[in-house]
Amino acid sequence: MMNKFPYISAVKAQELILRANEVTSTKNGIASHAYIVDEYAVLKSSSIKLRNVITYDENLEFFDELINSLMKLHQQGVGVIPILGYCYDPDSHDGDGYIIEPAAKGRELYDDAIMKSLYIWGQSSDSFYLSTTEDSHKYLYSRITEISEIPQVHFDKFIHDIIAIYEQDILIDFFGRSNFFYDTEEGFQFIDLNSHIDYHYGLTKAKTSTDSFVATFGFTPCHYASNTAILQNIALHDDALSIFSSEEITQISECNRIVFEKCRNALLNNGISETRIDTVLQKLKIFGITG
């Protein structure tokens with residue numbers, strides 16, 4: 001195995017990897033399994049050499065650059081979960097190995113495994129790798145209520161951090177709500193930051209302006225309506241919502257409205273203009289608000 005542990009000792013890293021193999025994974029994705037060991041997350045990955053899905057990184061130069069950028073952002077107070085180190089089999093095609101990070105605090109913004117039955121993308125057969133026995137009905141109702149009670153200052157920092165991350169060309173996966181954690185003390189935290197945006201690799205000639213990008217994705221804590229033209233895959237599916245009573249739909253919509261207003265205020269507080277926000281909301285429809 002090739003080892004690179006810039007922000008954790010090799011001895012500690014190897015101990016965590018050994019212990020990870022003795023416990024059950026807590027989350028499984030398409031190419032990775034996450035194991036929580038003490039205050040660390042050990043990610044067993046089969047694609048360490050792949051950046052941005054299609055960009056090959058044989059010598060991991062892009063990955064090393066990303067790791068350094070994440071640590072700098074973390075040291076500046078941005079809510080990223082830094083990568084402490086990794087090891088991989090250099091002879092494996094896409095890079096089989098382990099990535100070590102601090103474990104995020106709190107819980108997912110929304111757990112995709114629980115929410116998938118309510119999302120449009122969850123109706124398709126290719127979502128098999130996410131599974132849970134938890135009740136999505138109870139979960140959505142309670143979770144949107146909890147998120148509506150998050151203080152405005154944490155929403156403000158969420159937008160601030162999106163800007164800081166994007167300006168470093170780091171890719172944030174907004175299609176997975178489990179890529180964001182929330183803790184009452186730490187606020188929002190960003191995980192799964194393992195790549196750069198297409199522009200960084202020369203795959204696109206121009207980079208989307210920061211204000212347009214942030215206005216589009218700054219409403220991530222909200223739920224989207226099924227007729228949204230943007231991010232439709234993670235919009236609430238109309239038929240799936242039939243499990244809720246009319247009173248419950250009213251309450252969910254009201255909580256979603258509160259979250260929407262906090263997101264909108266956070267965008268304004270971070271210098272995103274009303275004109276830019278209104279332009280985005282012509283295509284991005286919010287459940288119970290602009291849908």
Side-chain angles (χ1 to χ4, degrees), residues 73 77-80 108-110 115 118-121 140 143-182 187-190 193 197-199 204 206-238 241 249-291:
L73 288 171
V78 177
V80 300
E108 293 99 331
L109 174 63
Y110 289 104
M115 288 295 301
L118 301 176
Y119 287 152
I120 289 176
W121 75 268
L140 171 59
R143 190 62 178 146
I144 187 62
T145 301
E146 293 166 347
I147 293 172
S148 71
E149 296 170 351
I150 294 174
Q152 182 66 49
V153 64
H154 283 172
F155 282 94
D156 291 352
K157 188 174 185 298
F158 178 63
I159 299 300
H160 168 275
D161 288 357
I162 292 175
I163 294 172
I165 295 167
Y166 184 67
E167 290 183 344
Q168 292 297 312
D169 283 355
I170 296 173
L171 177 66
I172 307 170
D173 182 2
F174 289 99
F175 291 93
R177 302 292 182 85
S178 292
N179 294 326
F180 308 90
F181 272 61
Y182 180 75
F188 291 97
Q189 301 145 84
F190 299 72
L193 301 174
I197 61 174
D198 286 352
Y199 174 77
T204 60
K207 180 179 178 179
T208 302
S209 67
T210 298
D211 61 342
S212 178
F213 177 85
V214 177
T216 300
F217 296 109
F219 291 100
T220 293
C222 302
H223 287 297
Y224 308 124
S226 61
N227 64 332
T228 184
I230 305 174
L231 296 168
Q232 187 181 51
N233 283 346
I234 54 174
L236 294 175
H237 192 281
D238 290 336
L241 294 177
I249 291 293
T250 298
Q251 181 61 27
I252 291 169
S253 297
E254 174 58 19
C255 288
N256 205 45
R257 182 194 65 77
I258 294 171
V259 176
F260 167 75
E261 292 296 340
K262 290 182 178 181
C263 290
R264 184 182 179 92
N265 287 337
L267 288 165
L268 293 170
N269 292 341
N270 279 277
I272 309 301
S273 70
E274 288 190 22
T275 300
R276 176 64 69 182
I277 295 171
D278 291 342
T279 298
V280 165
L281 290 176
Q282 291 176 17
K283 294 184 177 181
L284 183 66
K285 304 301 182 182
I286 310 298
F287 178 77
I289 311 299
T290 61

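- Closest heavy-atom contact between Lys285 and Thr228: N-OG1, 3.1 Å.
- Applying the side chain to side chain contact (heavy atoms under 4.5 Å, CB included) test between Ile172 and each of Thr220, Ile162, Asp161 identifies Ile162 as the sole match.
- Taking the six-membered ring for Trp and the full ring otherwise, the centers of Phe180 and Phe190 sit less than 6.0 Å from each other.
- Once rounded to the nearest 0.5 Å, the distance linking CG of Asp211 with OG1 of Thr279 reads 10.0 Å.
- Aromatic ring pairs are classed by plane angle as parallel below 30°, tilted from 30° to 60° and perpendicular above 60°; the pair His223 and Tyr110 is tilted.
- Taking CD from Gln251 and CD1 from Ile249, the interatomic distance works out to 11.0 Å, rounded to the nearest 0.5 Å.
- Residues Cys263 and Cys222 come closest through the heavy atom pair SG-SG, 4.0 Å.
- For Ala206 against Tyr199, the heavy-atom pair with the smallest separation is C-CD1, 3.6 Å.
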- Stepwise, does the side chain to side chain contact (heavy atoms under 4.5 Å, CB included) test hold for Leu140 with Ile252? CA-CA 8 Å; Leu140 171 59; Ile252 291 169; 4.1 Å; yes
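- Separation of atoms CG (Asn265) and CZ (Phe155) is listed at 10.0 Å; rounding is to 0.5 Å.
- Summarising the geometry, atom CH2 belonging to Trp121 is positioned 10.0 Å from atom CD1 belonging to Ile234; distances are rounded to the nearest 0.5 Å.
- The shortest side-chain heavy-atom distance between Ile258 and Lys262 falls under the 4.5 Å cut-off.
- Partners of Lys207 under the side-chain hydrogen bond (donor to acceptor under 3.5 Å, both in side chains) rule, at least two apart in sequence or in another chain, are Asp169.
- Scanning both residues, Ala266 and Gln152, for their nearest heavy atoms gives N-NE2, 3.4 Å.
- Closest approach of Asp238 and Ser226 over heavy atoms only: OD2-OG, 2.8 Å.
- Taking 4.5 Å as the limit, every side-chain heavy atom of Ile170 sits out of range of all side-chain heavy atoms of Val80.
- Asn233 places none of its side-chain heavy atoms less than 4.5 Å from the side chain of Tyr119.
- For His237, the NE2 atom counts as densely surrounded, since its 6.0 Å shell holds more than 12 non-hydrogen atoms of other residues, nucleotides or ligands.
- Using a 4.0 Å cut-off between charged nitrogen and carboxylate oxygen, Arg143 and Glu146 count as a salt-bridge pair.
- With a 4.5 Å cut-off on side-chain heavy atoms, Leu236 and Tyr224 do not count as touching.
- In terms of heavy-atom proximity, Asn256 sits nearest to Phe287 at ND2-O, 2.9 Å.
- Of the inter-residue distances, the one linking Asn179 atom CG with Asp173 atom CG reads 4.5 Å to the nearest 0.5 angstrom.
- Between the CZ atom of Arg276 and the CG atom of Leu281 there is a distance of 12.0 Å, given to the nearest 0.5 Å.
- Contact of the Ile165 side chain with the Val78 side chain is registered, since non-hydrogen atoms from C-beta on lie closer than 4.5 Å.
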TODO: Begin with the C-alpha distance, continue with both residues' side-chain angles, and end with the deciding distance and a verdict on side chain to side chain contact (heavy atoms under 4.5 Å, CB included) for Phe188 and Ile150.
DONE: CA-CA 10 Å; Phe188 291 97; Ile150 294 174; 3.9 Å; yes
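- The aromatic rings of Phe174 and Phe217 sit parallel, their planes meeting at an angle under 30°, below the 60° perpendicular limit.
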